Amino acid sequence: MMTTAVKRIGIFGGTFDPVHLGHIASARELLTSVKFDTVYLMPCYRHPHDKHPGASAAQRLEMLELALANEKQLAVDSRELHRSGLSYTVDSLAELRSEQGDEAQLVFILGSDAFAGLDAWHRWQSLLELANLLVIERAGQIALNDIDKLTLQNLLSDSVEDFNQPAGQLMQLRLKPYDISSTAIRQALAAGKVSNAVGGIVVGDNALGDNSPANKNIKVNEYIPELVMDYIQANHLYGL
Ligand code: ATP
């Protein structure tokens, strides 16, 4: 009798304002190390009064689509941008569960910084009823050992080596570190920018401010796919 392999689906949530190599390279690495069939990058809706004005929801989505155009197993899941009203991760995972069936292994992926604030998310404990969690130790951010919340530490102490259930398990993973964030990129673009010969943006020493952990010479275009950089320039995003 033929058996059908159980599908393993990753869902990488975030703001993606803009998407950068830390997201894409991490997602690519996860495809092989955790053997996902597909990893979806799922941009969240953002409140119009958010105090960090950046790209619009439509622009964040377009940048993600450009970034993933040639990726076979990475895709965008735009459901949170199309849902009216506030959208919560728990609602998205409930929808995905009913679409993918009870057997599928759903894995919600988040960096250590996001995990450290997980207990403030709407119905956060229900997330584990709907999916597994994969926590990535993120370079330059809080170390998982330093999270001092008991409920989160209890979850971490029950970590598994690999998933074998559709939901309810937590796994920790350290990937190749990319010490970059969308915030650092937005600040760098808005601050000292100089076009270089290939049309990228070279950022000077102090562009990120003295207190920034990412305060160093960065070439922003090394951290963003070329098509996304072109889009940012063409649409004058982030103060360009
Ligand atoms: P911002 O600086 O605007 O907060 P960000 O760079 O943290 O943005 P998000 O879109 O908020 O990016 O992140 C989405 C998810 O990707 C989060 O779970 C976050 O922890 C993870 N992530 C972001 N950057 C990296 C990175 N460089 N390496 C690994 N994970 C990352």
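Start at 1 and go down the list; that is how both ligands and their atoms are numbered. Bear in mind the structure is a predicted one, so any value in this text is a computation, not a measurement.
Ligand 1 places these atoms under 4.0 Å from at least one heavy atom of Ser26: 28 (N), 29 (C). Taking every non-hydrogen atom of Arg186 and a distance limit under 4.0 Å, the qualifying atoms of ligand 1 come out as 3 (O). Atoms of ligand 1 lying under 4.0 Å from at least one heavy atom of Ser181, given by number and element, are 2 (O), 6 (O). Atoms of ligand 1 lying under 4.0 Å from any heavy atom of Leu110, numbered from 1 in the order shown and given with element: 18 (O). The contact set between ligand 1 and Asp113, taken as ligand atoms under 4.0 Å from a residue heavy atom, comprises 19 (C), 20 (O). Proximity to Thr183 (heavy-atom distance under 4.0 Å) selects the following atoms of ligand 1: 1 (P), 2 (O), 3 (O), 4 (O). The contact set between ligand 1 and Gly14, taken as ligand atoms under 4.0 Å from a residue heavy atom, comprises 10 (O), 14 (C).
A side-chain donor-acceptor contact under 3.5 Å links Asp17 to the backbone of Ala55. Of the possible donor and acceptor atoms, none in the side chain of Arg60 sits under 3.5 Å from a partner among the backbone N and O of Val19. Between the Ser182 side chain and the Phe16 main chain, no donor and acceptor come within less than 3.5 Å of each other. A donor-acceptor pair under 3.5 Å is formed between the side chain of Arg8 and the backbone N or O of Val34. Side chain of Ser56 to main chain of Gln59: a donor-acceptor pair is present (N/O by atom type, distance under 3.5 Å, no hydrogens or angles).
When only interatomic distances are considered, the shortest N/O to N/O separation between Asp17 and ligand 1 does not fall below 3.5 Å. Considering backbone and side-chain atoms alike, Gly111 places an N or O below 3.5 Å from some N or O of ligand 1. The shortest N or O to N or O distance between Ser182 and ligand 1 is below 3.5 Å. Polar contact with ligand 1: present for Phe16 (N/O pair, distance under 3.5 Å). For the pair Ala114 and ligand 1, the shortest N or O to N or O distance does not fall below 3.5 Å. For ligand 1, none of its N or O atoms has an N or O atom of Asp179 under 3.5 Å away.
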Intermediate values then yes/no, side chain to side chain donor-acceptor pair (under 3.5 Å), Arg138 and Ser26: CA-CA 10 Å; Arg138 182 174 168 190; Ser26 299; over 6 Å; no
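At least one heavy atom of Gly13 sits closer than 4.0 Å to an atom of ligand 1. Not a single heavy atom of Ile136 sits less than 4.0 Å from an atom of ligand 1. A heavy-atom separation below 4.0 Å is not found between Phe115 and ligand 1.
Remark: among candidates Gln141, Arg60, Arg138, Glu137, the nearest residue to atom 31 (C) of ligand 1 is Arg138, based on non-hydrogen atoms.
Look at Asp37 and Lys7 and you find no salt bridge, because none of the NZ, NE, NH1 or NH2 atoms lies under 4.0 Å from a carboxylate O. Salt-bridge check for Glu29 with Lys176: failed, with every basic side-chain N at 4.0 Å or more from each acidic carboxylate O.
Protein heavy atom nearest atom 27 (N) of ligand 1, with residue, atom name and distance: Tyr178 O, 2.7 Å. Nearest protein heavy-atom neighbour of atom 13 (O) of ligand 1: His23 NE2, 3.5 Å.
Between the side chains of Ser112 and Gln141, no donor-acceptor pair is found at a separation under 3.5 Å.
With a 4.0 Å heavy-atom cut-off, ligand 1 is reached by the side chain of His20 but not by its N, CA, C or O.
Of the candidates Leu134, Ile136, Val135, Val135 is the only one forming a side chain to side chain contact (heavy atoms under 4.5 Å, CB included) with Phe115.
Applying the ring-ring contact (aromatic ring centres under 6.0 Å, His included) rule to pairs touching residues 61-102 yields Tyr88-His122, sequence neighbours excluded.
A distance of 13.5 Å separates CZ in Arg28 from OG in Ser33, rounded to the nearest 0.5 Å.
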